[in-house]
> 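What follows is a structure written as structure tokens; I'll ask about it next.
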Amino acid sequence: MADDKSLTPRSEDFASWYNEVVLKAELADYSPVRGSMVIRPWGYGIWENMQQALDRMFKETGHENAYFPLLIPMSFIQKEKDHIEGFAPELAVVTEAGGKVLEEPLVIRPTSETIIYHMYAKWVQSYRDLPILMNQWANVMRWELRTRLFLRTAEFLWQEGHTAHATADEAEAETLGILQIYRTFMEDWICMPPITGLKTESEKFAGAVRSYACEALMQDNKALQAGTSHFLGQNFSKQFDLKFQSEEGREEYAYNTSWGVSTRLIGGMVMTHGDDDGLIVPPRLAPTQVVIVPITRGDDTRSAVLEKVDEVAGRLRAAGVRVKVDGRDHLSPGAKFYEWERKGVPYRLEIGPKDLEKGSVALARRVRPEGAKRKEFVPEEEAIETLPARLEAFQDELRETARARREENTVRGVGSIGELAEAFEAGAGFVYTGWNGDPAVEEQVKEATKATSRVIPSEEFRSPRVPERCVSGDGPAAMEVVWARAY
RNA sequence: CGGGGCGUGGCGCAGCUCGGUAGCGCACCUGCUUUGGGAGCAGGGGGUCGCCGGUUCGAAUCCGGCCGCCCCGACCA
């Protein structure tokens, strides 16, 4: 990095920039255990705000929270064939406890389908017991070979929803309903508008019939799988004997769904909005939306300034704004400005002796239009009254900027693998092409471009004119698919 | 798991080639002066130089082994 105070510019080395932002904005820090990290209060506060918003959306759609245990019998994981194949390489296993070797090893959950459907089987007898709509907030562990702060850590926090339904249609509707919730959340809270769609066979969840995903585009034009929703069919219910008696008296297996988003979303937020000065947190997620920096002098105005600061903070809090007063006396105002900008606080308010005289405050926004002044002096009353709306406007602007960037970096109408490679060499983000549905083509594309299929896009994201030929040149296109280099 | 880099006060680094008093910047503590974009001065505290072994009168430095971390690739929320 340039020096101790500034960050490596994104244009120079995006990966270094990302790490520095996460560490210097105090979102997280490396822990003594390889691949795992400590989420610090600023990062955890953002996660809490994400949790709160999502939790409300889940509950509004009839879901309830529960908690299932961390340890899962090894035999459970092994029941579903694809599931074990997918997760075996990254399992952490407890083989010894209380000084004794366990009779059956216990897996630290990489995901909880198996233990949850085992329990559902116990609770469900009749179609009247369905649907079950549960969610849990939990940690999971996947022993990844290569880890990155927030994006891929050995242990991470997430929510996992698990539902059981009497019919496939109902389960499918649940899967898609959740996908929409994720999408809305990513747009309205994280200001990270994703594209949505169906995963191809080679990219779907281990054990799913169909996987849907939200894919977001980062500033380096790499895609981030930000949330997934799976239709599991009867794959797990058959292995875990999750049966019910139907209205007609027949014994039937239930249909399941599972869906999750994780602390990876914080990484997505960083890479969607951050700039060379540091993090930018969308107002709705910011633990502190407005930081007030008192400008004091060592004279008799000092106590008057501090009094005014408290008064303004109180009034803003009453208006529902999350405010922090930075009263630290050993730092100069400038040092505080840089620190809060690095942490991405949306607005800063300065109150000093000059403001007392004029009844004004200085207002500074974390990002501002090209050429705008660094701070705006506005009457105190006006600042207090307009800040809630200013925060919302900032939120909207971040979202629309991200959406515009996604569109600008999306390429359609590519007709061959050669052109696809050229597009990525030229820095494309999402590239749409026709596809004949053959996994061999995905292999060819990966070989030639390092890109993978992200989704078969949902209707609204499809090109106005759907491609007629497969990008491989081998036959007509059965569908359109979106390619990207991915995290 | 392959390739690259790095391990020296809390952080960032120099010192290692050519063995001999552990050093710099930031941070930290005390005091005074300061405070509208990273404050100044004065004083002060803190490191068995990643670990183990070897060579040597003497090792941060040379030799051997091990461990850890980060970055880049194959796999993944």
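Every chain is numbered from 1 and lettered A, B, ... according to where its sequence line falls, protein lines coming before strand lines. Just so you know, these numbers use all the heavy atoms, side chains as well, and skip hydrogens, waters and symmetry mates. Not measured: the values here are computed from a predicted model.
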> P atom, B/G43 versus B/C6: distance in rounded Å?
37 Å
> Would you mind classifying the nucleic acid contact of A/L265 as base, sugar-phosphate or nothing, using non-hydrogen atoms under 4.0 angstrom?
nothing
> Measuring only the C1' atom in each nucleotide, how far is B/C63 from B/U17? A whole number of Å is fine.
15 Å
> Which whole number of Å gives the distance between the P atom of B/C11 and that of B/G54?
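Comparing P positions in B/C11 and B/G54 gives a spacing of 30 Å.
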> Write down the distance between CG (A/D355) and P (B/U35), rounded to a whole number of angstrom.
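Atom CG in A/D355 sits about 16 Å away from atom P in B/U35.
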> In whole angstroms, how far is the P atom of B/C70 from the CZ atom of A/R148?
11 Å
> On a whole-Å scale, what distance lies between the C1' atoms belonging to B/C62 and B/C18?
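The answer is 11 Å between these two C1' atoms.
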> Can you find a side chain N or O atom of A/N19 that sits less than 4.0 Å from OP1 or OP2 on B/C71?
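The answer is yes; a side-chain N or O of A/N19 sits under 4.0 Å from OP1 or OP2.
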> Mind checking A/A362 for me? I need base, sugar-phosphate or nothing, with any heavy atom below 4.0 Å counting as a touch.
base
> For B/A42, give the paired nucleotide (Watson-Crick: N1-N3 plus N6-O4 or O6-N4; G-U: N1-O2 and O6-N3; both under 3.5 Å), or none.
B/U30
> Expressed as a whole number of Å, how far does the P atom of B/G9 sit from that of B/G47?
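So the two P atoms sit 11 Å from each other.
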> State which of B/A77, B/C76, B/G36 makes the closest approach to the side chain of A/K375.
B/G36
> At under 4.0 Å between heavy atoms, what does A/Y30 touch on the DNA or RNA strands: base, sugar-phosphate, or nothing?
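Touches sugar-phosphate only.
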> Which nucleotide, B/G36, B/A77, B/C76, lies nearest any side-chain atom of A/E90?
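My answer, after comparing the listed nucleotides, is B/C76.
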> Mark yes or no: A/K199 above the aromatic ring of A/F205, with NZ or CZ under 6.0 Å from the six-membered ring centre and no more than 45 degrees from the axis.
no
> Here's a test of your reading of the structure: between A/A364 and A/F87, which maps to the more 5' nucleotide of RNA chain B?
A/A364
> Would you call A/W42 and A/P287 a side-chain contact if the rule is heavy atoms closer than 4.5 Å?
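SC-SC contact between A/W42 and A/P287 confirmed.
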> I'd like to know if A/R348 reaches the base of B/G37 with its side chain, counting only an N/O donor and acceptor under 3.5 Å.
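Donor-acceptor pair under 3.5 Å: yes.
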> Check the geometry between A/F337 and B/G37 and answer yes if their rings are stacked (centres below 5.5 Å, planes below 30°), otherwise no.
no
> For the C1' atoms, the ones on B/A77 and on B/G36, what distance do you get once it is rounded to whole angstrom?
45 Å
> Provide, to the nearest angstrom, the distance between the CZ atom belonging to A/F185 and the P atom belonging to B/A77.
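Interatomic distance, CZ of A/F185 to P of B/A77: 19 Å.
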> Go through it in stages, so that I can follow the logic: the residues are A/T153 and A/T147, the test is side chain to side chain donor-acceptor pair (under 3.5 Å), and I'd like the CA-CA distance, side-chain angles, deciding distance and then a yes or no.
CA-CA 5 Å; A/T153 44; A/T147 59; over 6 Å; no
> Using a heavy-atom cut-off of under 4.0 Å over every strand shown, decide if A/P89 touches base, sugar-phosphate, or nothing.
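Since no nucleic acid heavy atom lies under 4.0 Å of A/P89, the category is nothing.
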> Quick one: is A/K446 getting a side-chain N or O under 4.0 Å of the B/C75 phosphate, OP1 or OP2?
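True: A/K446 side-chain N/O within range (under 4.0 Å) of B/C75 OP1/OP2.
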> Nearest whole angstrom, please: distance from the C1' of B/G12 to the CG of A/L23.
13 Å
> Remember a base hit wins even if backbone is also touched, and classify A/G352 as base, sugar-phosphate or nothing at under 4.0 Å, heavy atoms.
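Result for A/G352 = base.
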> Both A/H330 and A/L149 contact RNA chain B. Taking the nearest nucleotide for each, which residue is further toward the 5' end?
A/H330
> How is A/E350 classified with respect to the nucleic acid when contacts are heavy atoms under 4.0 Å: base, sugar-phosphate, or nothing?
base
> Any carboxylate oxygen within less than 4.0 angstrom of a Lys/Arg side-chain nitrogen, looking at A/R183 and A/E215?
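Salt bridge between A/R183 and A/E215, a charged N being under 4.0 Å from a carboxylate O: no.
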> Could you check whether A/S258 gets within reach of a base, just the sugar-phosphate, or nothing at all, counting any heavy atom under 4.0 Å?
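Contact class for A/S258: none.
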> From NZ of A/K199 over to P of B/C76, roughly how many Å is that when rounded to an integer?
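Nearest whole value for this atom pair: 11 Å.
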> Taking pairing as Watson-Crick or G-U wobble with both contacts under 3.5 Å, can you name the mate of B/G47, or confirm there isn't one?
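WC or wobble partner does not exist here.
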> Tell me the partner of B/G19, counting only Watson-Crick (N1-N3 plus N6-O4 or O6-N4) or G-U wobble (N1-O2 and O6-N3) with both under 3.5 Å; none if nothing fits.
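Its partner: none found.
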> Which nucleotide, in any strand shown, forms a Watson-Crick or G-U wobble pair with B/A59, with both distances under 3.5 Å?
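The answer is none; no pair meets the criterion.
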> Rounding to an integer number of Å, can you tell me how far A/R152 CZ sits from B/G73 C1'?
12 Å
> Counting only Watson-Crick pairs (N1-N3 plus N6-O4 or O6-N4) and G-U wobbles (N1-O2, O6-N3), all under 3.5 Å, who is the partner of B/G37?
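WC or wobble partner does not exist here.
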> Side-chain contact test, heavy atoms from C-beta onward, threshold under 4.5 Å: evaluate it for A/R264 versus A/M269 and give yes or no.
no
> Roughly how far apart, to the nearest Å, are B/G15 and B/G23 at atom P?
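Those two atoms are separated by 16 Å.
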> If you only use heavy atoms from C-beta on, which nucleotide in B/C76, B/C71, B/C1 is closest to the side chain of A/A15?
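Closest of the options to the side chain of A/A15: B/C71.
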> Please report the distance, rounded to the nearest Å, between CZ in A/R328 and C1' in B/C28.
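For the pair A/R328 CZ and B/C28 C1', the rounded distance is 15 Å.
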> Does the structure show a Watson-Crick or G-U wobble partner for B/C1, both distances under 3.5 Å? Name it, or say none.
B/G73
> What nucleic acid atoms does A/K336 come within less than 4.0 Å of, heavy atoms only: base, sugar-phosphate, or nothing?
nothing
> Does A/S36 form a side chain to side chain donor-acceptor pair (under 3.5 Å) with A/E155? I'd like the steps, not just the answer.
CA-CA 6 Å; A/S36 62; A/E155 179 185 358; 5.7 Å; no
> Any donor-acceptor pair under 3.5 Å joining the side chain of A/E341 to the base of B/G37?
yes
> So, do A/H83 and A/F236 have ring centers that fall under 6.0 Å from each other?
yes
> On a whole-Å scale, what distance lies between the P atoms belonging to B/U35 and B/G40?
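Going atom to atom, P in each nucleotide, I get 14 Å.
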> Between A/I181 and A/T61, is any pair of side-chain heavy atoms under 4.5 Å apart?
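Yes, side chains in contact.
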> Answer yes if the ring centres of A/H118 and A/F76 are under 6.0 angstrom apart, and no otherwise.
yes
> Need the pair for B/G9. Rule: Watson-Crick or G-U wobble, both distances under 3.5 Å, any strand; none if unpaired.
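Here B/G9 is not engaged in any pair, so there is no nucleotide opposite it.
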> How many whole angstroms separate atom CG of A/L306 from atom C1' of B/U35?
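Value for this atom pair: 12 Å.
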